[in-house]
Amino acid sequence: MKIAVFSTKPHDREYLDKFNSNDRHELTYFEAPLNADTTNLALGFEAVCIFVNDKIDAVTIDKLFKIGVKLIDLRSAGFNNVDIEAAKKKNIKVMRVPAYSPEAVAEHAVALILTLNRKTHKVYNRVRESNFSLENLIGFNLHGKTVGVIGTGKIGVAFCQIMLGFGCKVIAYDITESEMLKDKGIEYTTLVDLYKNSDIISLHCPLNVKTKYLFDIKTFSKVKKGVMLINTSRGALIKTSDAIDALKNGQLGYLGIDVYEQEENLFFNDLSESIIKDDLIERLMAFHNVLITPHQGFFTKEALDQIAITTLKNFTDFEEGLLLENEVKL
(Lines give C-alpha, C1' and ligand atoms only; values in the text may rest on other atoms or scores of the structure.)
Protein backbone atom coordinates (compact mmCIF):
# COMPACT_ATOMS: atom_id res chain seq x y z
CA MET A 1 0.00 0.00 0.00
CA LYS A 2 1.21 3.53 -0.83
CA ILE A 3 1.35 5.64 2.30
CA ALA A 4 2.21 9.32 2.77
CA VAL A 5 3.87 9.86 6.16
CA PHE A 6 3.62 13.45 7.39
CA SER A 7 5.44 15.50 10.04
CA THR A 8 8.42 13.17 9.91
CA LYS A 9 11.74 13.53 11.65
CA PRO A 10 14.79 11.28 11.23
CA HIS A 11 13.65 8.98 14.07
CA ASP A 12 10.30 8.39 12.33
CA ARG A 13 12.02 7.20 9.18
CA GLU A 14 14.52 5.10 11.11
CA TYR A 15 11.97 3.19 13.18
CA LEU A 16 9.29 2.76 10.50
CA ASP A 17 11.89 1.49 8.01
CA LYS A 18 13.30 -0.82 10.67
CA PHE A 19 10.01 -2.68 11.06
CA ASN A 20 8.68 -2.38 7.49
CA SER A 21 9.57 -5.99 6.69
CA ASN A 22 10.66 -6.54 3.09
CA ASP A 23 9.39 -3.03 2.30
CA ARG A 24 5.86 -4.40 2.37
CA HIS A 25 4.39 -0.90 2.53
CA GLU A 26 5.56 1.86 0.21
CA LEU A 27 6.29 4.70 2.59
CA THR A 28 6.92 8.23 1.33
CA TYR A 29 8.09 10.68 3.99
CA PHE A 30 7.20 14.35 4.19
CA GLU A 31 8.59 16.77 6.76
CA ALA A 32 5.58 19.02 6.22
CA PRO A 33 2.57 18.67 8.51
CA LEU A 34 -0.74 17.52 7.05
CA ASN A 35 -3.46 20.15 7.04
CA ALA A 36 -5.89 21.75 4.61
CA ASP A 37 -3.02 23.48 2.77
CA THR A 38 -0.84 20.38 2.23
CA THR A 39 -3.32 17.69 1.14
CA ASN A 40 -1.95 17.91 -2.40
CA LEU A 41 1.08 15.98 -1.13
CA ALA A 42 -1.20 13.00 -0.46
CA LEU A 43 -2.32 12.77 -4.11
CA GLY A 44 -1.81 9.20 -5.35
CA PHE A 45 -1.66 7.66 -1.86
CA GLU A 46 -4.24 5.33 -0.33
CA ALA A 47 -3.37 6.22 3.24
CA VAL A 48 -1.81 8.99 5.29
CA CYS A 49 0.15 8.64 8.51
CA ILE A 50 0.09 11.61 10.87
CA PHE A 51 1.32 12.83 14.24
CA VAL A 52 -0.03 14.95 17.09
CA ASN A 53 0.30 18.39 15.51
CA ASP A 54 -1.19 17.60 12.12
CA LYS A 55 -4.59 19.30 11.78
CA ILE A 56 -7.15 16.98 10.25
CA ASP A 57 -10.34 19.01 10.37
CA ALA A 58 -13.45 18.62 8.21
CA VAL A 59 -11.96 20.68 5.36
CA THR A 60 -8.80 18.56 5.31
CA ILE A 61 -10.81 15.34 5.39
CA ASP A 62 -12.98 16.48 2.49
CA LYS A 63 -9.86 17.17 0.44
CA LEU A 64 -8.35 13.79 1.37
CA PHE A 65 -11.59 12.07 0.37
CA LYS A 66 -11.60 13.76 -3.03
CA ILE A 67 -8.08 12.51 -3.84
CA GLY A 68 -8.88 8.94 -2.80
CA VAL A 69 -7.38 8.60 0.69
CA LYS A 70 -9.12 5.79 2.59
CA LEU A 71 -7.17 5.61 5.85
CA ILE A 72 -5.76 8.04 8.39
CA ASP A 73 -3.30 6.33 10.75
CA LEU A 74 -2.00 8.23 13.78
CA ARG A 75 1.43 7.56 15.25
CA SER A 76 -0.01 8.49 18.64
CA ALA A 77 -2.63 7.53 21.19
CA GLY A 78 -4.39 10.90 21.18
CA PHE A 79 -6.70 11.74 18.29
CA ASN A 80 -8.20 15.08 19.29
CA ASN A 81 -6.58 16.66 16.20
CA VAL A 82 -8.79 14.58 13.88
CA ASP A 83 -12.46 15.28 13.17
CA ILE A 84 -13.63 11.70 13.63
CA GLU A 85 -17.24 12.47 12.72
CA ALA A 86 -16.21 14.09 9.44
CA ALA A 87 -14.01 11.08 8.61
CA LYS A 88 -16.88 8.70 9.31
CA LYS A 89 -19.17 10.61 6.96
CA LYS A 90 -16.59 10.19 4.19
CA ASN A 91 -16.01 6.52 5.10
CA ILE A 92 -12.35 7.20 5.87
CA LYS A 93 -11.06 4.91 8.59
CA VAL A 94 -9.06 6.42 11.44
CA MET A 95 -6.60 4.28 13.40
CA ARG A 96 -4.12 5.00 16.18
CA VAL A 97 -1.52 3.52 18.52
CA PRO A 98 -3.53 3.13 21.73
CA ALA A 99 -0.57 2.15 23.92
CA TYR A 100 3.15 2.40 23.30
CA SER A 101 5.04 1.93 26.54
CA PRO A 102 2.95 3.89 29.02
CA GLU A 103 5.97 3.75 31.33
CA ALA A 104 7.82 6.13 28.99
CA VAL A 105 5.37 8.99 29.56
CA ALA A 106 4.84 8.16 33.24
CA GLU A 107 8.57 8.19 33.90
CA HIS A 108 8.93 11.52 32.12
CA ALA A 109 6.24 12.99 34.36
CA VAL A 110 8.30 11.84 37.36
CA ALA A 111 11.42 13.38 35.80
CA LEU A 112 9.61 16.72 35.62
CA ILE A 113 8.63 16.43 39.28
CA LEU A 114 12.14 15.59 40.45
CA THR A 115 13.77 18.27 38.33
CA LEU A 116 11.40 21.01 39.45
CA ASN A 117 11.67 19.93 43.07
CA ARG A 118 15.42 19.38 43.41
CA LYS A 119 16.38 21.94 40.74
CA THR A 120 18.86 19.65 39.05
CA HIS A 121 18.62 21.63 35.79
CA LYS A 122 19.84 24.73 37.63
CA VAL A 123 22.55 22.83 39.48
CA TYR A 124 23.89 21.42 36.21
CA ASN A 125 24.42 24.90 34.80
CA ARG A 126 25.87 26.23 38.07
CA VAL A 127 28.45 23.48 38.45
CA ARG A 128 29.60 23.89 34.85
CA GLU A 129 30.46 27.46 35.83
CA SER A 130 32.28 26.21 38.97
CA ASN A 131 29.49 27.47 41.23
CA PHE A 132 28.99 24.89 43.97
CA SER A 133 26.70 26.99 46.15
CA LEU A 134 23.53 25.47 47.61
CA GLU A 135 21.79 28.85 47.72
CA ASN A 136 18.12 28.66 46.61
CA LEU A 137 18.27 24.92 45.91
CA ILE A 138 16.07 23.67 48.76
CA GLY A 139 13.56 21.05 47.67
CA PHE A 140 11.12 18.83 49.56
CA ASN A 141 10.76 15.12 50.30
CA LEU A 142 8.35 13.32 48.01
CA HIS A 143 7.87 10.70 50.71
CA GLY A 144 4.63 11.36 52.54
CA LYS A 145 3.30 13.91 50.07
CA THR A 146 -0.18 13.58 48.54
CA VAL A 147 -0.16 13.14 44.77
CA GLY A 148 -3.39 13.64 42.84
CA VAL A 149 -3.68 11.81 39.53
CA ILE A 150 -6.35 12.82 37.04
CA GLY A 151 -6.85 9.99 34.56
CA THR A 152 -5.94 6.41 35.41
CA GLY A 153 -5.62 4.79 32.04
CA LYS A 154 -2.45 2.88 31.22
CA ILE A 155 -0.15 5.88 31.65
CA GLY A 156 -1.94 7.03 34.79
CA VAL A 157 -1.66 3.55 36.29
CA ALA A 158 2.08 3.43 35.56
CA PHE A 159 2.52 6.86 37.14
CA CYS A 160 0.52 5.92 40.25
CA GLN A 161 2.66 2.86 40.85
CA ILE A 162 5.88 4.86 40.57
CA MET A 163 4.64 7.43 43.09
CA LEU A 164 3.61 4.69 45.50
CA GLY A 165 7.22 3.55 45.31
CA PHE A 166 8.33 6.98 46.54
CA GLY A 167 6.13 6.54 49.60
CA CYS A 168 3.53 9.07 48.47
CA LYS A 169 -0.15 8.98 49.29
CA VAL A 170 -1.85 8.72 45.91
CA ILE A 171 -5.40 9.86 45.27
CA ALA A 172 -7.07 9.71 41.87
CA TYR A 173 -9.99 10.80 39.75
CA ASP A 174 -11.38 9.06 36.69
CA ILE A 175 -14.84 8.27 35.33
CA THR A 176 -13.72 4.62 35.31
CA GLU A 177 -12.01 3.45 38.47
CA SER A 178 -9.20 0.86 38.49
CA GLU A 179 -9.80 -1.99 40.89
CA MET A 180 -6.13 -2.86 40.69
CA LEU A 181 -5.15 0.60 41.94
CA LYS A 182 -7.75 0.41 44.71
CA ASP A 183 -6.21 -2.88 45.82
CA LYS A 184 -2.87 -1.09 46.07
CA GLY A 185 -4.36 1.48 48.44
CA ILE A 186 -5.09 4.31 46.00
CA GLU A 187 -8.21 6.24 46.90
CA TYR A 188 -10.55 7.59 44.23
CA THR A 189 -12.03 10.93 45.14
CA THR A 190 -13.90 13.88 43.68
CA LEU A 191 -12.06 16.50 41.65
CA VAL A 192 -12.78 19.12 44.30
CA ASP A 193 -11.21 16.99 47.05
CA LEU A 194 -8.29 16.11 44.80
CA TYR A 195 -7.62 19.80 44.14
CA LYS A 196 -7.87 20.67 47.82
CA ASN A 197 -5.66 17.89 49.19
CA SER A 198 -2.91 17.35 46.61
CA ASP A 199 0.65 18.62 46.95
CA ILE A 200 1.33 17.48 43.39
CA ILE A 201 -1.23 17.00 40.60
CA SER A 202 -0.38 15.06 37.45
CA LEU A 203 -2.63 15.02 34.37
CA HIS A 204 -3.06 11.81 32.39
CA CYS A 205 -6.47 12.30 30.77
CA PRO A 206 -7.49 12.77 27.12
CA LEU A 207 -8.45 16.12 25.63
CA ASN A 208 -12.12 16.45 24.78
CA VAL A 209 -15.00 18.88 25.24
CA LYS A 210 -15.26 18.04 28.94
CA THR A 211 -11.55 18.28 29.73
CA LYS A 212 -10.51 21.30 27.67
CA TYR A 213 -9.20 23.94 30.09
CA LEU A 214 -9.76 21.61 33.00
CA PHE A 215 -7.31 23.89 34.76
CA ASP A 216 -8.49 27.47 34.44
CA ILE A 217 -8.87 30.37 36.84
CA LYS A 218 -11.72 28.64 38.69
CA THR A 219 -9.73 25.44 39.18
CA PHE A 220 -6.58 27.26 40.30
CA SER A 221 -8.65 28.97 43.01
CA LYS A 222 -9.53 25.52 44.41
CA VAL A 223 -6.07 23.93 44.58
CA LYS A 224 -3.79 23.89 47.60
CA LYS A 225 -1.64 27.03 47.53
CA GLY A 226 1.80 26.26 46.13
CA VAL A 227 0.74 23.01 44.40
CA MET A 228 2.95 21.46 41.71
CA LEU A 229 1.08 20.80 38.44
CA ILE A 230 2.45 18.35 35.87
CA ASN A 231 1.02 17.87 32.37
CA THR A 232 2.35 15.21 30.02
CA SER A 233 -1.01 14.61 28.37
CA ARG A 234 -2.50 17.35 26.17
CA GLY A 235 -1.66 21.04 26.21
CA ALA A 236 -5.18 22.43 26.21
CA LEU A 237 -5.99 20.74 29.52
CA ILE A 238 -4.45 23.90 30.98
CA LYS A 239 -5.48 27.45 30.06
CA THR A 240 -2.04 28.98 29.81
CA SER A 241 -3.03 32.59 30.53
CA ASP A 242 -4.74 31.50 33.75
CA ALA A 243 -1.72 29.37 34.72
CA ILE A 244 0.48 32.46 34.35
CA ASP A 245 -1.80 34.41 36.68
CA ALA A 246 -1.74 31.53 39.20
CA LEU A 247 2.07 31.47 39.05
CA LYS A 248 2.25 35.22 39.57
CA ASN A 249 0.08 35.15 42.70
CA GLY A 250 1.74 32.02 44.12
CA GLN A 251 -1.35 29.82 43.98
CA LEU A 252 0.55 27.59 41.57
CA GLY A 253 3.95 26.83 43.06
CA TYR A 254 5.49 24.79 40.23
CA LEU A 255 4.50 23.96 36.66
CA GLY A 256 6.02 21.16 34.60
CA ILE A 257 4.68 20.67 31.08
CA ASP A 258 5.67 18.41 28.22
CA VAL A 259 2.72 19.68 26.16
CA TYR A 260 1.43 23.15 25.36
CA GLU A 261 -1.85 24.32 23.86
CA GLN A 262 -0.13 26.13 20.94
CA GLU A 263 2.71 23.64 20.56
CA GLU A 264 2.08 22.91 16.88
CA ASN A 265 3.82 26.20 16.05
CA LEU A 266 6.84 25.44 18.22
CA PHE A 267 7.58 21.87 19.24
CA PHE A 268 9.75 19.50 17.19
CA ASN A 269 11.48 22.44 15.47
CA ASP A 270 14.78 24.23 16.08
CA LEU A 271 13.78 27.84 16.55
CA SER A 272 16.98 28.94 18.27
CA GLU A 273 17.67 31.54 15.57
CA SER A 274 14.06 32.71 15.34
CA ILE A 275 11.96 35.26 17.14
CA ILE A 276 9.28 33.44 19.15
CA LYS A 277 6.02 35.27 18.55
CA ASP A 278 4.08 33.36 21.18
CA ASP A 279 3.97 35.73 24.14
CA LEU A 280 2.41 33.16 26.47
CA ILE A 281 5.19 30.60 26.22
CA GLU A 282 7.78 33.37 26.43
CA ARG A 283 6.16 34.46 29.69
CA LEU A 284 6.12 30.88 30.98
CA MET A 285 9.81 30.45 30.23
CA ALA A 286 10.57 33.53 32.33
CA PHE A 287 9.39 31.84 35.55
CA HIS A 288 12.08 30.11 37.61
CA ASN A 289 9.54 27.52 38.81
CA VAL A 290 8.36 26.44 35.37
CA LEU A 291 9.91 23.58 33.41
CA ILE A 292 9.00 22.99 29.76
CA THR A 293 10.05 20.02 27.66
CA PRO A 294 9.12 19.72 23.95
CA HIS A 295 6.67 16.79 23.93
CA GLN A 296 9.38 14.20 24.53
CA GLY A 297 7.56 11.99 27.01
CA PHE A 298 7.11 9.30 24.38
CA PHE A 299 10.70 9.55 23.18
CA THR A 300 12.31 6.28 24.28
CA LYS A 301 13.64 3.41 22.18
CA GLU A 302 11.00 1.06 23.55
CA ALA A 303 8.15 3.45 22.79
CA LEU A 304 9.40 4.22 19.29
CA ASP A 305 9.67 0.50 18.58
CA GLN A 306 6.07 -0.06 19.63
CA ILE A 307 4.75 2.98 17.76
CA ALA A 308 6.35 1.77 14.53
CA ILE A 309 5.21 -1.84 14.99
CA THR A 310 1.61 -0.89 15.73
CA THR A 311 1.44 1.77 13.01
CA LEU A 312 2.59 -0.73 10.39
CA LYS A 313 0.25 -3.42 11.73
CA ASN A 314 -2.63 -0.97 11.32
CA PHE A 315 -1.72 -0.57 7.64
CA THR A 316 -1.53 -4.33 7.16
CA ASP A 317 -4.86 -4.99 8.91
CA PHE A 318 -6.56 -2.37 6.75
CA GLU A 319 -4.99 -3.63 3.54
CA GLU A 320 -5.95 -7.25 4.23
CA GLY A 321 -9.47 -6.45 5.36
CA LEU A 322 -8.90 -7.75 8.88
CA LEU A 323 -10.58 -6.61 12.08
CA LEU A 324 -9.30 -3.10 12.80
CA GLU A 325 -8.39 -3.47 16.47
CA ASN A 326 -7.05 0.05 16.73
CA GLU A 327 -9.80 1.88 14.87
CA VAL A 328 -11.04 5.12 16.44
CA LYS A 329 -14.81 5.14 16.61
CA LEU A 330 -17.34 7.69 17.75
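Every value quoted in this text rests on a predicted model; they were computed, and no experiment measured them. Note that these values count all heavy atoms, side chains included, but never hydrogens, waters or copies made by symmetry.
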- Item | Single-linkage hydrophobic cluster, 4.5 Å side-chain cutoff, L312 and I3 together | yes
- Message: For a quick check under 3.5 Å, do T293 and D258 share a side-chain donor-acceptor pair by atom type?
- Response: yes
- Consider only side-chain heavy atoms of I, L, V, M, F, W and Y, link residues closer than 4.5 Å, and tell whether F315 and V94 are in one cluster. no
- Counting only heavy atoms not in R118, do more than 12 fall under 6.0 Å of its CZ? no
- Is the Y254 ring parallel, tilted or perpendicular to the F140 ring (thresholds 30°, 60°)? perpendicular
- Message: Check for me, please, whether F299 and V52 land in the same ILVMFWY cluster - side-chain distances under 4.5 Å, paths through other members count.
- Response: yes
- Is the CD1 atom of I175 crowded by more than 12 outside heavy atoms at less than 6.0 Å? no
- Please name the pair of heavy atoms, one in A104 and one in T300, separated by the smallest distance, quoted to 0.1 Å. CB-OG1, 3.7 Å
- Query: Should E31 and R13 count as an ion pair when the cut-off is N to O under 4.0 Å?
  - Reply: yes
- Message: Tell me whether D193 is salt-bridged to K196, with the criterion being a basic N under 4.0 Å from an acidic carboxylate O.
- Response: yes
- Taking only Lys NZ, Arg NE, NH1 and NH2, and the carboxylate oxygens of Asp or Glu, determine whether D305 and K301 approach each other closer than 4.0 Å. no
- Note on the structure: With sequence neighbours left out, the residues meeting side chain to side chain donor-acceptor pair (under 3.5 Å) with E177 are K182
- Answer yes or no: is there a side-chain heavy-atom contact under 4.5 Å between Y260 and L266? yes
- Please check if atom NZ in K119 has more than 12 non-hydrogen atoms from other residues, nucleotides or ligands closer than 6.0 Å. yes
- Query: Does L214 reach the side chain of T219, with side-chain heavy atoms less than 4.5 Å apart?
  - Reply: no
- Message: Both conditions, 6.0 Å and 45 degrees, for the charged tip of K222 above the ring of Y195: are they met here?
- Response: no
- State whether a side-chain donor-acceptor pair under 3.5 Å links T316 with E320. no
- Item | Heavy-atom pair with the smallest gap, counting every atom of A109 and H204 | CB-CE1, 4.1 Å
- Query: Going only through I, L, V, M, F, W and Y residues with side-chain contacts under 4.5 Å, is there a path from M163 to L194?
  - Reply: no
- Query: Is a side-chain donor-acceptor pair under 3.5 Å present for D242 with Y213?
  - Reply: no
- Query: Counting heavy atoms not belonging to K9, are there more than 12 under 6.0 Å from its NZ?
  - Reply: yes
- Query: Is any side-chain N of the basic residue among R283 and D279 closer than 4.0 Å to the acidic one's carboxylate O?
  - Reply: no
- Do F298 and F51 have ring centres separated by under 6.0 Å? yes
- Message: Side chains of N53 and E263, heavy atoms from C-beta outward: is any pair under 4.5 Å?
- Response: yes
- Query: Distance only, no hydrogens: is a donor on one side chain within 3.5 Å (strictly under) of an acceptor on the other, for T146 and N197?
  - Reply: no
- Query: Can N314 and T311 be counted as having a side-chain donor-acceptor contact under 3.5 angstrom?
  - Reply: no
- Examine V223 and L203 and state if one hydrophobic cluster contains both, with Ile, Leu, Val, Met, Phe, Trp and Tyr joined whenever side-chain heavy atoms are less than 4.5 Å apart. yes
- N269 side chain to L271 backbone, donor-acceptor under 3.5 Å: no
- Between T240 and E261, does any side-chain donor sit less than 3.5 Å from a side-chain acceptor? yes
- More than 12 heavy atoms of other residues, nucleotides or ligands under 6.0 Å from CD1 of I217: is that the case? no
- Item | More than 12 heavy atoms of other groups within 6.0 Å of Y124 OH | no
- Please report the shortest heavy-atom distance between T176 and Y188, naming the atom on each side. O-OH, 4.3 Å
